[in-house]
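A quick write-up on the structure given underneath.
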Amino acid sequence: MSSAITKAVIPAAGLGTRFLPATKAMPKEMLPVVDKPAIQYVVEEAVDAGITDVLMITGRNKNALENHFDRVTELEVALQKKGDLERLRRVNKSTDLADLHYVRQGDPRGLGHAVLRAKLHVGNNSFAVLLGDDIIDSRDVLLRRMVEVATQRDTSVIALLEVDPSLSSMYGIATVERTDEDDVVRVTGLVEKPSPADAPSNLAVIGRYVLRPEVFTVLERTPPGKGDEIQLTDALQEMAASDEYGGVYGIVFRGRRYDTGDRLDYIKAIVQLAADRDDLGPDVRSWLKGFVAGLD
Ligand code: G1P
């Protein structure tokens, strides 16, 4: 059995083109979802699953990310003076979450290339990868379960979600076999963003992975694939096809997932999360009812 999984890698070097001009001077991971940047939900989820060390793969504009997870002494002093301890607690939460590290991706050569940049930091241990566009509701368990299965079976584990077949070209799509556990499948094949006609199933890869360190060796020899980029999906396909690396398993997730990667889904995520909150929820829900009633 492998040792405890304590490191996570978060690729955050994307250009955020879908959100321009908001992302002109700021990484898309810093876009607020209600009152927290999207990236903080993701780091909190990692920490909840036992991660203590996070490596972010960044691009230019990384300063806002680093600053968000750092102390702001003036702000802390000002809040303390005012006696606003609740806000102080919220401000400090992002600082105390985990041990954070940053490395730049350099050439944007795809998700596989971004993950490969973590090789030195991660070393010879299994590790988690979390993509910032997906937010998993903190009331539903995903990463913790993936870590458990990866540890028990000494394997790599990906997160799968049933999607409408028309959406296959937005995701890696998996072919799977059942196992003796209801939520666990064995992955027998993976293909990156197939057209609906070519999709082998409706099980899409969502942005959570727990990977054995051999993925780095495989990524090093993975040629550019879809979009001329080095695809993590292609490396995982090779690992799924071989017994050498413990295979690849999947957790079929049936909980709440919010996609903040495109504008419409981002708006939906904010409304859903705000409506569910204890503090804002009652007002948001009552306003929303009136707003919807007034629509044509
Ligand atoms: C990446 C992966 C894809 C996966 C998706 C999940 O694509 O390449 O296999 O299904 O994340 O969000 P991206 O969304 O970065 O284009």
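Read the numbers this way: they start at 1 and go in the same order the structure lists the ligands and their atoms.
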- Could you tell me whether R257 and D134 have a side-chain N and a carboxylate O separated by less than 4.0 Å? yes
- Of the side chain and backbone of D133, name the one, both, or neither that has a heavy atom under 4.0 Å from an atom of ligand 1. neither
- Answer yes or no: does an N/O atom from L111 fall short of 3.5 Å to an N/O atom of ligand 1? no
- Message: Tell me the protein heavy atom at minimum distance from atom 11 (O) of ligand 1, and give that distance in Å.
- Response: L131 CD1, 3.3 Å
- Item | Polar contact flag for K193 and ligand 1 (N/O pairs, less than 3.5 Å) | yes
- Do NZ/NE/NH1/NH2 and the carboxylate oxygens of D133 and K28 come within less than 4.0 Å? yes
- Kindly indicate whether a cation-pi arrangement holds for K36 with Y41, taking the cut-offs as under 6.0 Å to the six-membered ring centre and within 45° of the axis. yes
- Task: Mark up the atoms of ligand 1 that fall under 4.0 Å of a heavy atom belonging to T233, in ascending order.
- Result: 9 (O)
- Would the Y102 and F69 ring centres measure less than 6.0 Å apart? no
- Check: of K226, E192, E229, R257, min heavy-atom distance to atom 2 (C) of ligand 1 comes from E192
- Task: Output yes when a protein non-hydrogen atom is found under 4.0 Å of atom 7 (O) of ligand 1, and no otherwise.
- Result: yes
- Query: Are any of the N/O atoms in Y209 less than 3.5 Å from those in ligand 1?
  - Reply: no
- Presence of salt bridge, R109 and D228, under 4.0 angstrom: no
- ligand 1 and M170, any nitrogen or oxygen pair closer than 3.5 angstrom? no
- So, does L232 sit close enough to ligand 1 that a heavy atom of it is under 4.0 Å from the ligand? no
- Message: Quick check on the 6.0 Å ring-centre criterion: do Y266 and F19 meet it?
- Response: yes
- Message: Going by the closest heavy atom to atom 5 (C) of ligand 1, which one wins out of D262, V205, I173?
- Response: V205
- Provide the number and element of each atom of ligand 1 under 4.0 Å from a heavy atom of D134. 12 (O)
- Task: Run the numbers on I251 and E181 for side-chain contact (heavy atoms from CB on, under 4.5 Å), then give the verdict.
- Result: CA-CA 10 Å; I251 296 291; E181 289 179 282; over 6 Å; no
- If you look at every heavy atom in V248 and L236, which pair is closest and at what distance? CG2-O, 3.7 Å
